[in-house]
Protein chains: 2
Amino acid sequence: MAQQRKSTIHDIAQLAGVSRATVSRYLNGHRWVSSESAEKIKAAIEQTHYVANTHARALATGKAGSVAFLLGEPQKLLFEDPNFASLLRAVADELGKRNTSFLMMTTDNAQEEQRNLEYLQAGHVDGVIQVAWHQDSSSMIRGLVKAGIPTVVAEHPSDDTLPVGYVHVEDYGGARKAVEYLLDHGGKRVAMISGPQGPSGTRDRVRGFIDTVTMYTQIHQGDPSLPVNLQEYCDTHIVYGDYSAASGEECMTKLLAQDCTIDAVFVSSDAMAVGAIRALRNQGLQIPQDVQIIGFDDSSAAKLADPPLTTIRQPFDEIGKHLVQQLMQIIDGQAPVGVTLPCELVVRESTR
Amino acid sequence: MAQQRKSTIHDIAQLAGVSRATVSRYLNGHRWVSSESAEKIKAAIEQTHYVANTHARALATGKAGSVAFLLGEPQKLLFEDPNFASLLRAVADELGKRNTSFLMMTTDNAQEEQRNLEYLQAGHVDGVIQVAWHQDSSSMIRGLVKAGIPTVVAEHPSDDTLPVGYVHVEDYGGARKAVEYLLDHGGKRVAMISGPQGPSGTRDRVRGFIDTVTMYTQIHQGDPSLPVNLQEYCDTHIVYGDYSAASGEECMTKLLAQDCTIDAVFVSSDAMAVGAIRALRNQGLQIPQDVQIIGFDDSSAAKLADPPLTTIRQPFDEIGKHLVQQLMQIIDGQAPVGVTLPCELVVRESTR
DNA sequence: GTGAAAGCGCTAACAT
DNA sequence: ATGTTAGCGCTTTCAC
């Protein structure tokens, strides 16, 4: 099993009868290499299965040729949230096309945050893709910015004056689409189970919910089944979970205890929606006959759920693609921008 | 946001008033460094937030300080199979403790296999953790072996004469535990929905199923509700899915079409079990009253399912830990071994 | 178009 | 216990 000595650029140069510099030029720009030399080099490479050593290249260029996928999440949630896998896949794909490798890191607490920051500063990677859907990540982002590390964030950062790129779906718009659908399909007493407070996506979705309900109530002023004191209504009909199924169940139970006339609920993740359904069933309520429900994400859980969930689809392929694209541009010195992607309502059987 | 020049070992040496070699010694073994110098170096490092550049180190040592997590899977299954996430997490954790970074690669087809192999041969990583639960990966493993890359595999390789380490759960034993439980709790006509043919875990579980049924039938010879022609019974009562919920539904439907007296089924993944439940319900069958069901994995889906699934738990934390441990030992030159972990029956509500 | 030479940041003999 | 020196494999001026 002796690891055969890996061939180096030197071997190729010798084999092709040219200098190492020429091989290097061939490897990169392909410019200023005579087609004759190019042929010989090509042959030598094929013959030896030569592949350049990244570490040497990184050392020489000061570029790592890799990026970090940084998860700022409490560990247990990684299991519950299928969206991570979806995004990870999309990002891995896109990175693969640019043959940039990536390494994954998770940040659980302030201490790890510091450790990771130091690691990243050491120049192991050219940039980082930061994901933190469950908790506020602004301190990490600030650290990255301070360290001068090109960064993109997979959400709308709470502080969007920070020079980092970001891409996210239109949380506000998505919430509006969901709530409008519920209202248009007979919902009168609609509640919301939101994600955790902290990430700004939560705020935007909550705003979307409130605005939509407000607008609808104004238009249909006469309707006695609609809420009267809107302020108070929203205070009691919006509860905050942690995106897990368990918390969805909890939240729904709480909601029902406060108001048993709820007939529709917009839930900020499919996983929580599954939990909510369980709570609803526990009270003998039927979906969608008694209460309609709309989730968020269109994760695999949405299709598997019983009944299959109407939900707001997050286009993770697109998100991943833009994330990588953005990051590469920032690494190339361009100014970071924010990208907001539309999201789409997928109608299944949890609504009427 | 100018990236402040990263401090190098040289800076530290100067700051501490020692030579670079001494700093290097401090950084690594900590040996042959006077406590006096050590103090000064430590101070300098803290002051500058110095972290060694991995690429330089890798170049100098010939060790990469990182490993590859290699997924040999068709892309779509990555979404469906929560076990990947579980294992990934465990591995990431364990690697983190040894502060070894890792990069993730996926291999979808023969072409990518070649590409990845070349990449890995280039010395980017010290070793490979290979996962391929849904399809046979022996050609990739052979390639890895041929290239002399230290490798561990997260399953029982079909060809276990290959010099790679592996760790997996006792598939045979797990299947036996499940089927025995079913039989002991009133199951008479038990069927099996297996994973895809190819990976050897499938074979072992199928064997566990057959052996258990055979043994039980021999012991209870008189019982008229037990199968008569065992050979034929197994041929028709074992079907092969692809671990996805959809395939579980399909398989169950097929099974029911052949024999509507089935009263228990052992399913080789929780996801498929969820699909199977759906198929059962479509026929108006109740779980666990009419038919009992046991899954495999104890993934999050098992808890979320309705009813919550009795299942065989795979200890992914342990698996990840052993995988990394094994790999490190192989990298250090030890001969690879196989590790088989026990798995445990978790009783929930899909059985009586 | 091509080669010589310097150097990226680090480690590892070797000498002291 | 510490410093000196020579690379690791590659890129990149700078001459030619």
Side-chain angles (χ1 to χ4, degrees), chain A residues 3-42 44-45 48-66 99 118-119 121-126, chain B residues 3-42 44-45 48-66 99 118-119 121-126:
Chain A
Q3 174 125 359
Q4 62 242 47
R5 197 179 74 68
K6 284 179 281 277
S7 52
T8 72
I9 199 172
H10 190 98
D11 303 329
I12 303 298
Q14 278 202 315
L15 242 168
V18 298
S19 78
R20 308 207 296 292
T22 304
V23 178
S24 176
R25 260 178 243 124
Y26 171 86
L27 254 25
N28 304 289
H30 274 236
R31 286 194 297 248
W32 282 299
V33 177
S34 67
S35 52
E36 196 184 341
S37 305
E39 279 308 317
K40 285 190 286 188
I41 295 171
K42 190 169 167 223
I45 289 179
T48 55
H49 296 291
Y50 167 80
V51 188
N53 177 318
T54 359
H55 299 298
R57 177 173 286 169
L59 227 207
T61 57
K63 290 257 160 232
S66 68
N99 61 67
E118 279 171 9
Y119 182 87
Q121 276 179 79
H124 294 119
V125 299
D126 297 326
Chain B
Q3 175 125 0
Q4 62 241 45
R5 196 179 75 69
K6 285 179 281 276
S7 52
T8 72
I9 198 173
H10 189 99
D11 303 329
I12 304 299
Q14 280 203 314
L15 242 168
V18 298
S19 77
R20 306 206 299 289
T22 305
V23 178
S24 176
R25 271 187 292 263
Y26 171 87
L27 254 25
N28 304 289
H30 275 235
R31 287 194 296 247
W32 283 299
V33 177
S34 68
S35 53
E36 196 184 341
S37 305
E39 278 308 318
K40 286 190 286 187
I41 293 171
K42 188 165 166 229
I45 289 178
T48 56
H49 295 292
Y50 167 79
V51 187
N53 177 319
T54 1
H55 299 298
R57 177 174 285 168
L59 228 206
T61 56
K63 291 256 161 232
S66 68
N99 61 66
E118 278 172 11
Y119 182 88
Q121 277 180 78
H124 294 121
V125 300
D126 297 326

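In what follows, chains are A, B, ... by sequence order, proteins preceding strands, each numbered from 1.
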Taking atom [atom1] of [X] and atom [atom2] of [Y], what is their separation to the nearest 0.5 Å?
| X | Y | atom1 | atom2 | answer |
| --- | --- | --- | --- | --- |
| B:His10 | B:Leu15 | NE2 | CG | 10.5 Å |
| A:Glu39 | A:Lys42 | CD | NZ | 5.5 Å |
| A:Gln14 | A:Ile9 | CD | CD1 | 12.5 Å |

Check the distance between [N]'s [atom2] and [X]'s [atom1] and give it to me in whole angstrom.
| X | N | atom1 | atom2 | answer |
| --- | --- | --- | --- | --- |
| A:Asp11 | D:dC8 | CG | P | 12 Å |
| A:Leu59 | D:dC10 | CG | P | 12 Å |
| B:Ile41 | D:dG3 | CD1 | C1' | 12 Å |
| B:His10 | D:dT4 | NE2 | P | 11 Å |
| B:Asn53 | D:dC8 | CG | P | 18 Å |
| A:Lys40 | C:dG3 | NZ | C1' | 14 Å |

>> So, does A:Ser19 get its side chain near the phosphate of C:dG3, meaning an N or O under 4.0 Å from OP1 or OP2?
In response: yes
> Taking OP1 and OP2 of D:dA1, is either one under 4.0 Å from a side-chain nitrogen or oxygen of B:Ser37?
Replying inline: no
Can you name the closest pair of heavy atoms from [X] and [Y] and give their distance?
| X | Y | value |
| --- | --- | --- |
| B:Tyr26 | B:Ile41 | CD2-CG2, 3.6 Å |
| B:Ala58 | B:Ala64 | CB-CA, 4.0 Å |
| B:Thr8 | B:Tyr50 | C-CE1, 3.5 Å |

>> Within the 4.0 Å limit for protein heavy atoms, which parts of nucleotides 11-16 of chain C are touched? Write it as a string from 5' to 3', B for base, S for sugar-phosphate only, - for none.
In response: BB----
